[in-house]
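We name chains A, B, ... by the order of the sequence lines, and we start the count at 1 in each one. Small disclaimer: the values here were computed from a predicted structure and weren't measured.
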Amino acid sequence: MPEGPELYMSGQFINQTCRNNLFSGQIVKSLVSRQPDIDWNEETYTISAVTRGKELKLTLQSIPNDQKENKKCAKKQNKTLDIVFQFGMSGKFDFYEANELQKHAHLNFFTKTENNKSVQMVLSFVDYRRFGKWQPNGNWSVERGPCVLTDYIPFRENILKNVELSVFRKPICEVLLNQKYFNGIGNYLRAEICYRAGIPPFQDARSVLEPLLTETNEVKIKSEKPDILQLCHLLPNEVINLGGTGYDPENRDPDYSKFTEWLQCYYKPGMKNMADHNKRTMWYDGNPGPLKPSVEKVRKIKRKKKASEEVEKTVLKKPKVEKIEDDSKAEITGKSKRTRKTASGPITRKNVTEEENLKKSKKKSSAKAKNADLEKSSLKAAGKRRATRRKQSKTSVSDTNISCTPKQKMAGNTVRRTRRGKRS
DNA sequence: CGTCCACGTCTAC
DNA sequence: TAGACCTGGACGG
């Protein structure tokens with residue numbers, strides 16, 4: 001899910017679905033999660049959300065009993081708790097029937113059911129890669145700047161008053177991922193922003209941004225094209241206005257093609273790409289710019305997959321659901337201590353440079369041998385680690401094999417799943 | 001089967 | 001500036 005727009009839409013989703021629901025009881029964490037427990041156990045509470053860049057703040061607010069309300073309301077304030085989330089690479093919120101928790105549901109909030117009148121639902125933070133984080137009593141990270149979506153003016157000022165700092169002497173495409181200045185921009189947005197601004201991605205950021213300092217309002221109004229900082233606000237807004245769920249190839253809604261059609265550069269056929277200095281793939285068109293990495297590492301496009309092509313084959317969703325059932329037994333339990341892997345060598349990727357690509361046809365074997373020499377040990381190590389992981393997961397249980405509340409256990413027999421936008 | 005890649009941070013040489 | 005942190009889909013042999 002997660003760049004600024006996806007976070008923002010998650011917040012909308014939470015507010016819409018939680019508006020009509022009361023929640024109750026403890027907040028249940030998966031056994032595998034290394035994130036903090038949430039100390040909360042209120043009979044009745046509400047949930048709301050607000051976002052800032054790539055962070056989302058959940059606010060839990062308890063509602064006192066009717067009887068107490070009149071007497072004690074003034075003196076005893078409703079209890080509230082803020083939890084600040086980062087989504088990592090795969091975090092998202094989902095709301096579904098609480099019969100059985102999703103495999104990678106790591107933090108779960110259960111609705112209140114009055115005398116079994118209604119089906120119990122759960123709001124889950126689902127995050128299969130577990131790079132996501134949360135912090136109870138948290139506040140917005142001080143390391144992150146104003147939100148490109150919701151704080152546009154401060155966002156712009158924060159950059160323009162700091163353009164002289166050394167961080168802005170890096171390529172613009174890399175600075176665009178610096179959350180201290182571009183809170184909410186991620187890898188697909190930076191590609192779209194540079195592309196639409198017509199700026200070579202590896203041009204230094206200061207030279208791109210400095211001209212905006214002297215730009216008068218008059219100039220701005222006259223110019224047809226929004227400048228790059230405006231694009232940082234406008235493009236995320238466009239994604240939101242598509243009405244889908246934004247970037248979300250895994251759990252695609254029927255409208256996902258809207259998003260892929262909106263993209264003009266990221267992963268688009270005909271566009272070029274290159275790993276930046278942090279090994280993140282930068283998609284661009286035309287001239288890469290002077291600060292491009294000296295070794296050009298180009299990713300091969302593998303990912304034509306189903307994205308836009310097999311829109312018609314909605315049938316494929318069925319097998320996927322079945323697979324989830326299978327997988328739900330294949331996770332690891334709470335004691336996955338996962339002692340830090342003693343890295344037995346650097347784990348470098350086997351990247352293919354452009355030159356190597358060319359040479360490959362002729363000198364394939366030698367290039368390969370060289371690579372192999374360099375990376376044999378490390379690759380082996382990586383392979384071993386994977387193997388180990390697989391073994392582990394064979395003997396283990398699901399992420400969501402969490403200590404259930406009695407209610408859940410009761411409901412645990414019924415096998416039924418609902419996933420957002422996915423009913424077949 | 002092994003390898004590469006993915007919407008993002010972090011911290012340790 | 002490599003790696004670690006993770007799971008899993010796609011692809012190649």
Side-chain angles (χ1 to χ4, degrees), chain A residues 1-7 9-10 30 32-35 53-55 85-92 103-104 106 126-133 141 143-144 170 174 177-180 182-192 236 239 245-252 259 263 266-267 273 275-281 283 293 297-307 316 319-320 323-324 326-327 330-332 336 338-352 368 371-372 375-376 378-390 392-393 396 398-399:
Chain A
M1 281 221 110
E3 294 185 23
E6 290 77 18
L7 273 276
M9 289 186 280
S10 287
S30 75
V32 281
S33 173
R34 312 173 128 213
Q35 295 302 302
K54 278 188 236 177
E55 291 182 315
F85 288 80
Q86 289 184 19
F87 282 21
M89 290 285 260
S90 56
K92 62 183 175 186
K103 185 183 175 192
H104 297 292
H106 294 298
V126 180
D127 179 17
Y128 75 91
R129 294 185 70 181
R130 272 182 267 152
F131 293 167
K133 298 170 168 41
S141 165
E143 303 299 316
R144 311 185 73 107
K170 294 180 183 171
E174 291 170 22
L177 292 184
N178 184 339
Q179 302 297 301
K180 187 151 191 170
F182 294 89
N183 190 4
I185 302 303
N187 207 28
Y188 82 73
L189 280 171
R190 71 166 177 172
E192 297 301 314
V239 174
T245 53
Y247 186 83
D248 184 16
E250 309 301 326
N251 201 13
R252 286 195 309 282
F259 178 77
L263 291 173
Y266 182 78
Y267 260 106
N273 77 73
D276 70 10
H277 295 281
N278 303 307
K279 296 193 180 134
R280 300 271 257 139
T281 304
W283 288 85
K297 314 230 174 184
V298 178
R299 310 256 189 261
K300 277 198 278 180
I301 315 168
K302 280 185 179 177
R303 195 232 250 169
K304 57 184 170 187
K305 59 172 174 183
K306 339 161 193 181
L316 276 184
K320 198 177 178 188
K323 199 176 175 220
I324 288 163
D326 289 345
D327 284 349
E331 258 292 337
I332 217 155
S336 82
R338 205 143 293 195
T339 46
R340 260 179 195 268
K341 278 129 200 168
T342 47
S344 49
I347 302 158
T348 48
R349 287 190 195 153
K350 214 188 245 174
N351 282 321
V352 188
K368 216 179 173 184
N371 268 340
E375 299 175 8
K376 205 159 135 191
S378 59
L379 286 175
K380 260 189 192 166
K384 253 183 215 165
R385 279 207 317 267
R386 289 212 124 208
T388 325
R389 204 182 70 205
R390 282 206 194 98
Q392 279 181 334
S393 59
S396 58
S398 143
D399 272 5

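Here the side chain of A/E174 pairs a donor or acceptor atom with the backbone of A/H277 at under 3.5 angstrom. A donor-acceptor contact shorter than 3.5 Å links the side chain of A/E3 to the backbone of A/L189. In this structure a side-chain-to-backbone donor-acceptor pair under 3.5 Å is present from A/S90 to A/R129.
Taking the side chain of A/H104 as heavy atoms from C-beta on, and the options B/dG8, C/dC6, C/dG8, the nearest nucleotide is C/dG8. Counting only heavy atoms from C-beta on, A/T281 has its side chain closest to B/dA6 among B/dG8, B/dA6, C/dT7. Set against C/dT7, B/dT9, B/dC5, the side chain of A/Y267 has B/dC5 as its closest nucleotide. Nearest nucleotide to the side chain of A/N187, out of B/dT9, B/dG8, C/dC6: B/dG8. If you check B/dA6, C/dA2, B/dG8 against the side chain of A/R299, the one that comes closest is B/dA6. Among the nucleotides C/dC6, B/dA6, B/dT9, the one closest to the side chain of A/K54 is B/dT9.
Contact between the side-chain N/O atoms of A/R280 and the OP1/OP2 oxygens of B/dT9 is not found at any separation under 4.0 Å. Note on A/Q86: every side-chain N or O is 4.0 Å or more away from OP1 and OP2 of B/dG8.
Using cut-offs of 30° and 60° on the angle between ring planes, the pair A/F87 and A/F85 is perpendicular. In this structure, A/H104 and A/Y128 have tilted ring planes: the angle between them lies in the 30° to 60° band.
A centroid separation of less than 6.0 Å is found between the aromatic rings of A/F259 and A/Y188.
Consecutive pairing runs in DNA chain B reach the stem threshold at B:1-6 with C:7-12, B:8-12 with C:1-5, where a stem means at least three Watson-Crick or G-U wobble pairs with distances under 3.5 Å.
Between the C1' atom of B/dC10 and the CZ atom of A/R34 lies a distance of 13 Å, rounded to the nearest Å. Here the P atom of nucleotide B/dT9 and the CD atom of A/E143 are 12 Å apart, to the nearest Å. Here the P atom of nucleotide C/dT1 and the CG atom of A/L177 are 15 Å apart, to the nearest Å. Atoms CG (A/L189) and C1' (B/dG8) sit 13 Å apart, rounded to a whole Å. Atom NZ in A/K279 sits roughly 19 Å away from atom P in B/dC10 (whole-Å rounding). Between the CG atom of A/D127 and the P atom of C/dG8 there is a distance of 11 Å, given to the nearest Å. In this entry the distance linking NZ of A/K300 with C1' of C/dG12 reads 8 Å, nearest Å. Put simply, CG on A/N273 is 11 Å from C1' on B/dC5, counting in whole angstrom units.
Closest-nucleotide positions on DNA chain B for A/K133 and A/R129 were compared, and the one nearer the 5' end corresponds to A/R129.
Going from the P atom of C/dG13 to that of B/dC5 covers 15 Å, rounded to whole Å. Comparing the P positions of B/dC1 and C/dC6 gives a spacing of 23 Å, expressed to the nearest Å.
Using a 4.0 Å heavy-atom distance criterion, A/R190 is classed as making no nucleic acid contact.
A salt bridge links A/R190 to A/D276: one of the charged nitrogens lies within less than 4.0 Å of a carboxylate oxygen.
No donor-acceptor contact under 3.5 angstrom links the side chains of A/H106 and A/S33, judged on distance only.
With centres under 5.5 Å and a plane angle under 30°, the ring of A/F131 is stacked against the base of B/dG8. By the 5.5 Å and 30° criteria, A/Y128 is not stacked with the base of C/dC6.
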